[in-house]
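Quick notes on the structure that follows.
Values in this document were obtained by computation on a predicted structure and should not be read as measured data. What you see below is based on every heavy atom in this structure, not just the backbone, and it leaves out hydrogens, waters and symmetry mates.
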Amino acid sequence: MSHTLARPGGQDITIIGAGIIGLCSAIELLQKGFQVTIVDKAEPGQGASYGNAGIISPWSIVPQSLPGLWRKVPNWLLDPLGPVAVSPRYLPRMAYWGARFLLQGRHTQVEKNSQAMASLISNCIPLYQQLLADTGAQDLLRDSYYVHAYRNEKDADLNSLDYQIRIKNGADIQRYNGQQLRQLEPALSTDFAAAIVIKGQARLTNPGRLGQVLANKVQLLGGKLIQSQVSSVRPNVSGGWDCLYDGKSHPSSQLLVAAGAWSSDLLRPLGIKVLMENERGYHLSYPDVDMQLNNSIMDADMKFVASQMEDGLRIAGTAEFDDKNAPPNPQRIAGLATLANKMFPELGQSNFQSWVGVRSSLPDSLPCLGKVKGMPGLHVAFGHSHYGMMMAPQSAKLIAQLITHEIDQELLKDFRINRF
């Protein structure tokens, strides 16, 4: 990258973060003629993006906070196998975020948040097809259903709010009884009595390889990838921004912070506070299991997902609120393995490998996307929670259009960084 003095609004940009959001943003900007440098401490696409369950669904438009959720949370927290855990040392920090999260569960707010989610997710399948079209890796994206499996058949209710939101937006959804479910997914435990099956979806067979493919595309388009720890960012006295890594200050006209859970650490010294928490997710990979799944399956009671990957069966899920640098919690890993065995009896004592990563989550299930007021040339794209893989292509298109003045910030008002 040139070390001449950068000017605000120039055609060069540094992107901090080589996850799926940063990679997709880089491709969009490169195609618009920008000089792009991506900096990340990890290899491209191998952080939170790597651990994804692989679901690519235009119907994942239901926010995490829903009416009545507050009644379920205490039992979830008390259940060692439950879908949510909070480290005791983290509880004081979580209190305010948790209160704002529950407030987002009001009906009017759910509707508003769902519409905003849909604006980022509804065209995710064709956008991924475009991204992969010239890479030779089109096999990464497969047609799929999303099967929500229930043990109590009464819980498989198409009239519930989350399914009604999807149906009103045009989703093709059907209810399956136990017999239909077993014909669809023979490996699933007979404990499951019914399912809601969401059609017209896709799944990724290797999110980590997707990261590598998109990183290669960035480089083919002329972008630079630098593996280094960014220590800080600051405005350049002559305009633009300085990014400090490798012991040096690297200037660029514009800066995009897309560093997931680490984004708030970079922004805090600039006086920018974000109501975002670290939501750690786990996955287990079973490489030696012959069992095959035909679709992505969620245990709708315990809120985790099973998907068939290139490297074996993946069981992904749980939300654990803790410091992002805390070591993996062996209890959460053991609990997820127990749940996996209940879901698929064939697993038995099969060997598995565990992984943990950190999502960046705001109370409304929406990301921070757009300009930072009062700081020319500084842009953000992070906080995509559970939906980053699905939201990435459209988030990237919007941020690139904003940077090139094709759209106005008002279009992204639902995603402003200071909304809380």
Would the number of heavy atoms belonging to other residues, nucleotides or ligands and lying under 6.0 Å from OH of Tyr282 be above 12?
yes
dist Leu225:CG -> Gln219:CD (nearest 0.5 Å) comes out at 4.5 Å
Short side-chain to backbone donor-acceptor contact, Ser114 and Val110, under 3.5 Å
no
Pairwise salt bridge (charged side-chain N to carboxylate O under 4.0 Å, His left out) hits with a residue in residues 278-294, at least two apart:
Glu279-Arg359, Arg280-Glu320
Ring pair (Phe, Tyr, Trp, His ring centres under 6.0 Å) contacts touching residues 301-336 (sequence neighbours left out)
Trp97-Phe321
If a pair satisfies salt bridge (charged side-chain N to carboxylate O under 4.0 Å, His left out) and one of its residues is in residues 361-377, list it, with sequence neighbours excluded.
Asp364-Arg419
Identify, with sequence neighbours excluded, every residue that meets ring-ring contact (aromatic ring centres under 6.0 Å, His included) alongside Phe344.
none
Would you kindly say whether Asp299 and Tyr150 are connected by a side-chain donor-acceptor distance under 3.5 Å?
no
Give the minimum heavy-atom separation between Arg166 and Ile173, together with the two atoms involved.
CB-CD1, 3.6 Å
Could you tell me which residues satisfy side chain to side chain donor-acceptor pair (under 3.5 Å) with Glu406, sequence neighbours excluded, listed by chain and number?
Lys32, Thr404
Results of salt bridge (charged side-chain N to carboxylate O under 4.0 Å, His left out) for Lys112 - residues two or more places apart only
Asp414
Side chains of Pro44 and Ile38, heavy atoms from C-beta outward: is any pair under 4.5 Å?
no
Residue Lys342 excluded, over 12 heavy atoms near NZ under 6.0 Å
no
Nearest heavy-atom pair of Trp355 and Gly47: which atoms, and what distance?
CZ2-O, 3.3 Å
What I'd like to find out is whether the side chain of Pro363 reaches to under 4.5 Å of the side chain of Leu275, using heavy atoms alone.
yes
Go through the structure and list residues passing side chain to side chain donor-acceptor pair (under 3.5 Å) with Tyr146, not counting sequence neighbours.
none
Mind running side chain to side chain contact (heavy atoms under 4.5 Å, CB included) on Val305 and Ile297 for me, showing each step along the way?
CA-CA 6 Å; Val305 177; Ile297 309 175; over 6 Å; no
Verdict with reasoning, Arg416 to Cys368, per side chain to side chain contact (heavy atoms under 4.5 Å, CB included)
CA-CA 6 Å; Arg416 64 191 186 280; Cys368 296; over 6 Å; no
cation_pi(Lys199, Trp59) dist<6.0 Å, angle<=45:
no
Show your reasoning for whether side chain to side chain contact (heavy atoms under 4.5 Å, CB included) applies to His386 and Gln64.
CA-CA 9 Å; His386 295 252; Gln64 294 290 306; 3.9 Å; yes
Within a radius of less than 6.0 Å around CD of Gln46, do more than 12 heavy atoms belonging to other residues, nucleotides or ligands occur?
yes
Side chain to side chain donor-acceptor pair (under 3.5 Å) with Ser228: which residues, sequence neighbours excluded?
Asp246
For Gly200, is there any backbone N or O sitting under 3.5 Å from a side-chain donor or acceptor partner on Asp143?
no
Pairs satisfying salt bridge (charged side-chain N to carboxylate O under 4.0 Å, His left out), at least one member in residues 228-239, at least two apart:
Arg234-Asp242
Heavy-atom donor-acceptor pair, Asn169 side chain to Ile165 backbone, under 3.5 Å
yes
Does Thr135 use its side chain to pair, donor to acceptor, with the backbone of Leu132 at less than 3.5 Å?
yes
Looking at Asn325, I'd like to know if its CG atom is crowded, meaning that more than 12 non-hydrogen atoms belonging to other residues, nucleotides or ligands lie closer than 6.0 Å.
yes
Closest contact, heavy atoms only, Ser385 versus Ser361
OG-OG, 3.5 Å
Please list all pairs passing the salt bridge (charged side-chain N to carboxylate O under 4.0 Å, His left out) test where one or both residues lie in residues 71-96, with sequence neighbours left out.
Arg89-Asp322, Arg93-Glu277
Quick one, Ile198 and Asp172 - any side-chain contact, counting heavy atoms below 4.5 Å?
no
Quick one, Met391 and Cys124 - any side-chain contact, counting heavy atoms below 4.5 Å?
no
Closest non-hydrogen atom pair, Val257 against Leu267:
CG2-CD2, 4.2 Å
For Leu127 and Gln394: C-alpha separation, side-chain torsions, deciding distance, then whether side chain to side chain contact (heavy atoms under 4.5 Å, CB included) applies.
CA-CA 8 Å; Leu127 288 180; Gln394 182 66 11; 3.5 Å; yes
Would you say Glu310 and Asn206 are linked by a side-chain donor-acceptor pair, where the criterion is simply a distance under 3.5 Å?
yes
Side chain of Ser350, backbone of Leu347: donor and acceptor closer than 3.5 Å?
yes
Identify which one of Glu185, Arg142, Gln201 satisfies the side chain to side chain donor-acceptor pair (under 3.5 Å) criterion when paired with Asn295.
Glu185
Checking side chain to side chain donor-acceptor pair (under 3.5 Å) between His384 and each of Ser49, Ser360, Ser395, which is the one that passes?
Ser395
Can you give me the closest heavy-atom contact between Ala316 and Gly51, atom names plus distance?
CB-O, 4.4 Å
Do Asp157 and Tyr163 come within less than 4.5 Å of each other through their side chains, counting heavy atoms only?
no
In the structure I gave you, are the side-chain heavy atoms of Ser307 and Leu293 within less than 4.5 Å of one another anywhere?
no
Does a donor on one side chain sit under 3.5 Å from an acceptor on the other, for Thr14 and His250?
no
Rounded at 0.5 Å granularity, tell me how far CG in Asn294 sits from CG in Leu188.
11.0 Å
Would you please name every residue forming a side chain to side chain donor-acceptor pair (under 3.5 Å) with Asp134, sequence neighbours left out?
Lys217
Okay, side chain of Gln164, backbone of Leu158: is any donor-acceptor separation there less than 3.5 Å?
yes
Taking the side chain as every heavy atom from C-beta outward, state whether Leu103 and Gln109 have any pair of such atoms under 4.5 Å apart.
no
May I ask you to decide if Ala133's main-chain N or O and Gln138's side chain share a donor-acceptor pair within less than 3.5 Å?
yes
Which heavy atom of Asp12 sits nearest to which heavy atom of Phe34, and what is that distance?
N-CD2, 4.0 Å
Taken in chain and number order and not counting sequence neighbours, the residues that satisfy salt bridge (charged side-chain N to carboxylate O under 4.0 Å, His left out) with Asp265 are Arg268, Lys324
Are Asn351 and Pro287 packed together at the side-chain level, in the sense that at least one heavy-atom pair is separated by less than 4.5 angstrom?
no
Pair Gln227-Asp40, side-chain donor/acceptor within less than 3.5 Å
no
Just by distance, do the side chain of Asn341 and the backbone of Ala337 share a donor-acceptor pair under 3.5 Å?
yes
Looking at Phe101, is its backbone amide N or carbonyl O close enough to the side chain of Ser65 to form a donor-acceptor pair, meaning the two atoms are under 3.5 Å apart?
yes
